[in-house]
Protein chains: 2
Amino acid sequence: MMYIKDPMEIERKSFEIIESEWKQNPKSYEEAQIMKRIIHTTGDFEYGDLLRMGEDGIEKGLAALKPGFKIYSDTKMIQSGINKANLKVLQGKMYNATHDEDVAIQAKKEGRTRSMVGIEKAVKNEDIQIFVIGNAPTALFHLLDLLEERKQSPALIIGVPVGFVGAEESKEALMNSPHPYLAVKGRKGGSPVAAAMVNALMKIKVQEAAHGGE
Amino acid sequence: MMYIKDPMEIERKSFEIIESEWKQNPKSYEEAQIMKRIIHTTGDFEYGDLLRMGEDGIEKGLAALKPGFKIYSDTKMIQSGINKANLKVLQGKMYNATHDEDVAIQAKKEGRTRSMVGIEKAVKNEDIQIFVIGNAPTALFHLLDLLEERKQSPALIIGVPVGFVGAEESKEALMNSPHPYLAVKGRKGGSPVAAAMVNALMKIKVQEAAHGGE
């Protein structure tokens, strides 16, 4: 069968199609990059309308991508979806505790989700600049509670839990919080959306560095 | 903040909400399970209308989940999303070659996607019952070509590549092929959708076994 086989050409053409069809008017180059990458990942233009970014979400997120930065994700699926080449260039690390054995045991004992216990472990023991919650509303709710208790604020929270129980409410709570954020309104979201947002930020940062902007 | 923390309760309530809101009329218990799990994973009811299953896709797929079965996925993200407990109960294995070093080297040399070269390696060297393509149209196109060349047919192909260049066309090619399939029409799809389909099939199989249905 005949089809385009070159990955660079596939990506270039995809972004061209998105730009030719979308009806959104992003307010900045950065917002456009994030929006396009989510639409590219999901095949779903509705994300253009659902994307929300706090006043300083993009700015704070980009500033945090300094050598040695650490990103916490609530799923391994997000880690799988991260652009490893750009992560390496920027000298950052991904971290996830949801599947740690001690976390699984504690979660079962307490009747809570592993996502909740995992994020608790990360907040208490690690220096995390960006939290990325792509799956579990419980992780996002609990993160907001923990940060309030501890009077902490990370550089950025990316909150895009998906689903029918608590997802929408957890994102509303994030948007009403004092923290810099990127989010998606409503029920939609998920790990690929979360990974797309991180990848878009990293790509902007790598391009800035290449053009001597940093 | 107040929210539901028990994972079993979250899942039960999610499926209850989906059933109370959906407008689709699945033709069988199995189709309903697959449809609900995709909607649960994506927060997107449109998947109910986009789901396509060949005449014998579900039947052949379920029959293939015998001890020792092997599933090939084109992304690690799919592997991350698979229900490990049920995979273990059913004594199956996931396999992916997209990120193998030899695959990366060959892909770069030949200007093809790693997904294409990876699936070629799998078809030639492994005994795979179910192929799951959640990301790369090139992998699905190439799989169909390879199977035709080799006059082979797997038990099931799950084809849900996402995106703007070739995704829709690759799924049309699958639906017009002689192979048993599960697919999603149009541009939407992706690794979580693919994982949801595999998870739904595995859950049905585990339930059948528990009720002595085998």
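In what follows, chains carry the letters A, B, and so on, assigned in the order in which the sequence lines appear, proteins first and then strands, with residues in each chain numbered from 1. Just so it is clear, the structure is predicted and the values come from calculations on it, not from any experiment.
Residue contact with chain B, scored on non-hydrogen atoms closer than 4.5 Å, involves the backbone and the side chain of A:Ile10 alike. Neither the backbone nor the side chain of A:Glu9 comes within less than 4.5 Å of any heavy atom in chain B. Interface remark: A:Thr113 contributes backbone and side-chain atoms alike to the contact with chain B (heavy atom separation under 4.5 Å). If you measure heavy-atom distances from A:Thr41 to chain B, the contacts under 4.5 Å come from the backbone alone. Both the backbone and the side chain of B:Ile4 come within less than 4.5 Å of a heavy atom of chain A. Using a 4.5 Å cut-off between heavy atoms, A:Ala173 touches chain B through its side chain atoms alone. Contact of A:His142 with chain B is made through backbone and side chain together, with heavy-atom distances under 4.5 Å. With a 4.5 Å cut-off on non-hydrogen atoms, B:Ser14 touches chain A through its backbone and its side chain both.
Note: A:Glu21 leads A:Arg114, A:Glu21, A:Glu169, A:Glu110 in heavy-atom pairs under 4.5 Å with chain B.
Around atom NZ of A:Lys5, more than 12 heavy atoms belonging to other residues, nucleotides or ligands sit under 6.0 Å away. Around the NZ atom of A:Lys84, the shell of radius 6.0 Å holds more than 12 heavy atoms that belong to other residues, nucleotides or ligands. Counting heavy atoms of neighbouring residues, nucleotides and ligands inside a 6.0 Å radius, atom CD of B:Glu148 does not exceed 12 of them. Annotation: A:Lys121, atom NZ; neighbour count of heavy atoms from other residues, nucleotides and ligands within 6.0 Å is above 12. Residue A:Lys93 qualifies as open at atom NZ: its count of foreign heavy atoms under 6.0 Å is 12 or below.
Taking the side chain as every heavy atom from C-beta outward, A:Phe45 and B:Arg187 approach each other to under 4.5 Å. Contact of the B:Thr75 side chain with the A:Met77 side chain is not registered, since no non-hydrogen atoms from C-beta on lie closer than 4.5 Å. With a 4.5 Å cut-off on side-chain heavy atoms, B:Pro192 and A:Pro192 count as touching.
What you find for A:Gly111 and B:Pro7 is that their closest heavy atoms are O-CD, 4.3 Å. Here the closest non-hydrogen pair linking A:Ile39 and B:Phe164 is O-CE1, 3.4 Å. Taking both residues in full, the closest heavy atoms of A:Met116 and B:Tyr3 are given as CE-OH, 3.3 Å, listed atom of the first, atom of the second, then distance.
Between B:Lys188 and A:Glu46, no side-chain nitrogen of the basic residue sits less than 4.0 Å from a carboxylate oxygen of the acidic one, so the salt-bridge criterion is not met.
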